[in-house]
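Scroll down for the structure; my scribbles are underneath it.
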There are 2 protein chains.
Amino acid sequence: MKNNLRVQRAIKNITQAELADLIQVSRQTINTIESGKYVPSTVLALKMAKVFNVPVEEVFQLEEGD
Amino acid sequence: MKNNLRVQRAIKNITQAELADLIQVSRQTINTIESGKYVPSTVLALKMAKVFNVPVEEVFQLEEGD
DNA sequence: AACAAATGTAAAACATATTTGTCATTAATG
DNA sequence: CATTAATGACAAATATGTTTTACATTTGTT
């Protein structure tokens, strides 16, 4: 699983903490997802995509081995 | 979280077991997700959407309270 | 009615996600 | 340079997802 979170945040110009607030998770959750340490649940993926106004597939992409 | 899994399977005419095979999870995982008992990881959601040739948002939808 | 295929369910074990708290490091700004 | 905002990282605790095994129920077919 790859993700574009950092880029999407940059486009919207919001911080990790702000994104965390918007989707009601802790800042650490954003931080660790963003740094690829784990894959979020579908609920979080949908919420993030909604915040960024893009499809889930534009934020998260499968990789070899997923 | 709502999902359309049953409908998407019907469209493709595949069983729970076949879908499980296609995305490399157990049949019970499909069964319990389909019956709304829990929300899958984003990896599974992406794989399912891929199998059905639709965006993740067409298979899984947020509800009040998510 | 009998049989097979598909689905529902449940418990235990294991794996992964998420939170909370805390501190270190890096930008950015006065 | 000093200060503040933003990010990176880590550990422990808790919650949630996933597998495996096994059995019960439903549905479709002959």
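Residue numbers start from 1 in every chain, and the chains themselves are labelled A, B, ... in the order their sequence lines are given, proteins ahead of strands.
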Nearest to the side chain of Gln16(A), heavy atoms from C-beta on, is which of dG8(D), dA17(C), dT19(D)? dG8(D)
Side-chain heavy atoms under 4.5 angstrom apart, residues restricted to Ile, Leu, Val, Met, Phe, Trp, Tyr: same cluster for Tyr38(B) and Val39(A)? yes
Would you please confirm or rule out a distance under 4.0 Å between OP1 or OP2 of dG8(C) and any side-chain N or O of Asn31(B)? yes
To the nearest Å, give me how far apart CD1 (Ile30(A)) and C1' (dT19(C)) are. 13 Å
Let me check the geometry of the helix from dA1(C)-dT30(D) to dG30(C)-dC1(D). What is the bend angle between the axes at its two ends, five pairs each, to 10°? 50°
Salt bridge check, Lys2(A) against Glu63(A): does any charged N sit closer than 4.0 Å to a carboxylate O? no
Presence of Arg9(B) side-chain N/O under 4.0 Å of dT7(C) phosphate oxygens OP1/OP2: yes
With B for base contact, S for sugar-phosphate-only contact and - for none (protein heavy atoms under 4.0 Å), nucleotides 20-30 of chain C reads BBB--------
Any side-chain N or O of Ser41(B) under 4.0 Å from OP1/OP2 of dT18(D)? yes
Leu44(A) CG to dT16(D) P: how many Å, rounded? 12 Å
Pull out every protein N or O sitting under 3.5 Å from an N or O of nucleotides 24-30 of chain D, one pair per line with the distance.
none

Measure CG/Leu19(A) against C1'/dT18(C) and give the value in whole Å, please. 15 Å
Grouping I, L, V, M, F, W and Y whenever their side-chain heavy atoms are under 4.5 Å apart, do Val54(A) and Leu5(A) come out in a common cluster? yes
Report yes if at least one side-chain N or O of Lys37(B) is closer than 4.0 Å to OP1 or OP2 of dG17(D); otherwise report no. no
Candidate list Leu44(A), Val43(A), Thr42(A), test side chain to side chain contact (heavy atoms under 4.5 Å, CB included), partner Leu46(A), passing option: Thr42(A)
